[in-house]
Amino acid sequence: MVHNLYLRFKSLLPKALRSQLSSINQALFARKNLQRKYGAWFDVDWRKHYATMSNDEWIRAYDQAWHFHHNDCVDETDATMILTALGEPGSVLEVGRGAGRPSVSMAQAGFRVTAADVSHEALEIARTTAKQAGIEIDFHHTFAEELPFADQSFDYITCCHTLEHVRDLQATVTHLKRIARKRIVVLVPRQEFRMYMSNYHTQFFSTPDDMIRAMNMQHYDCRVVTTIDRDSEYQGDMILFIGHCN
Ligand SMILES: C[S@@+](CC[C@H](N)C(=O)[O-])C[C@H]1O[C@@H](n2cnc3c(N)ncnc32)[C@H](O)[C@@H]1O
């Protein structure tokens with residue numbers, strides 16, 4: 001509630017003032033505040049060294065993150081928006097499954113769902129959620145940069161609040177475009193780079209054009225969606241990209 005009021009207040013300020021306040025916060029307070037808020041498991045210097053981490057270190061970091069902080073970014077409204085973006089039921093690969101809701105909504109709507117994530121811990125939570133919901137999901141532990149699926153093997157791919165986490169954006173996008181037959185739906189936060197933030201983001205999309213350039217598809221829809229006051233972890237502007245495969 002207080003955080004939402006703060007977000008609203010901040011959005012009313014001129015951009016130059018917002019960015020000055022943010023620079024002061026980054027320089028003086030942000031690192032210490034994050035350490036205090038999350039404690040030892042949170043890697044406050046993630047953006048300084050993620051590029052040189054091994055795959056095992058990456059997996060361990062996300063396992064720890066899921067162990068200590070349940071991170072559910074997509075609420076019912078977003079899940080419905082994603083379903084609408086997909087179209088007729090078919091096979092769908094959810095990249096960066098986490099523990100979120102889209103898979104459950106998609107399976108309940110008649111899609112055959114396969115879910116991939118790099119965190120064992122997240123997949124374990126997702127397995128339990130699927131079991132409780134009485135739905136079948138095929139789970140895979142894999143990096144988005146190394147998706148082990150054949151060309152055009154899924155009608156759809158969804159990638160929600162995950163593209164901003166990958167180490168290699170180009171490799172990931174290449175796999176998404178290789179594997180999808182009909183449509184790719186991507187949801188990311190609209191964000192400027194900050195060194196100290198309460199997440200492990202590595203890629204930053206501050207305008208729809210950033211996303212359009214990253215996906216580099218001929219046919220697409222792309223727009224900003226606002227999520228302040230939603231029932232989810234992420235509050236703020238998001239970019240929704242729907243890529244139509246040829
Ligand atoms: C913020 S969560 C989003 C989860 C879910 N899609 C949602 O919207 O609630 C990001 C997910 O990406 C996963 N992840 C991080 N790096 C990854 C990578 N390189 N390949 C695949 N998954 C990755 C994390 O384990 C985490 O589950």
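Whatever order the structure lists ligands and atoms in, that order sets their numbers, starting from 1. Positions are given from 1 along the sequence. It should be emphasised that the depicted structure is a prediction, and the values quoted were computed from it without experimental measurement.
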Polar contact flag for Ala144 and ligand 1 (N/O pairs, less than 3.5 Å): yes

Closest to atom 15 (C) of ligand 1 (judged by heavy-atom distance), picking from Tyr62, Tyr50, Trp66: Tyr62

Arg194 and Ser22 side chains, donor-acceptor separation under 3.5 Å: yes

Contact partition for Thr142 relative to ligand 1, non-hydrogen atoms under 4.0 Å: backbone

Main-chain N/O of Phe149 paired with Ser153 side-chain donor or acceptor, under 3.5 Å: no

Contacts of Gln64 that satisfy side chain to side chain contact (heavy atoms under 4.5 Å, CB included) - sequence neighbours left out: Trp41, Phe68

Ala122 N/O under 3.5 Å from ligand 1 N/O: no

Residue from Arg47, His161, Gln191 passing side chain to side chain donor-acceptor pair (under 3.5 Å) with His201: Gln191

Polar proximity ligand 1 side, Cys73 side, N/O cut 3.5 Å exclusive: yes

Test side chain to side chain contact (heavy atoms under 4.5 Å, CB included) applied to Val188 and Gln203, step by step: CA-CA 10 Å; Val188 292; Gln203 317 294 331; over 6 Å; no

Arg183 and Ile157, any side-chain heavy atoms less than 4.5 Å apart: no

Heavy-atom nearest option to atom 14 (N) of ligand 1, drawn from Asp75, Val118, Asp168: Val118

Pick from His161, Arg97, Glu164: the one approaching atom 2 (S) of ligand 1 most closely through a non-hydrogen atom: His161

Atoms of ligand 1, numbered as shown, that sit under 4.0 Å from any heavy atom of Phe143: 19 (N), 20 (N)

Ligand 1 N/O within reach of Val166 N/O, cut-off under 3.5 Å: no

Part of Tyr200 with heavy atoms under 4.0 Å of ligand 1, whether side chain, backbone, both or neither: neither

Enumerated ligand 1 atoms positioned under 4.0 Å from heavy atoms of Cys160: 3 (C), 5 (C), 6 (N), 8 (O)

Side-chain ion pair, Asp63 and Arg60, N-O less than 4.0 Å: no

4.0 Å heavy-atom contact, Arg167 with ligand 1: no

Atom indices of ligand 1 within 4.0 angstrom of Glu145 heavy atoms, with elements: 18 (C), 19 (N), 20 (N)

Presence of salt bridge, Asp138 and Arg112, under 4.0 angstrom: no

Non-hydrogen atoms of Ala61 and Tyr200 that approach each other most closely: O-CE1, 4.0 Å

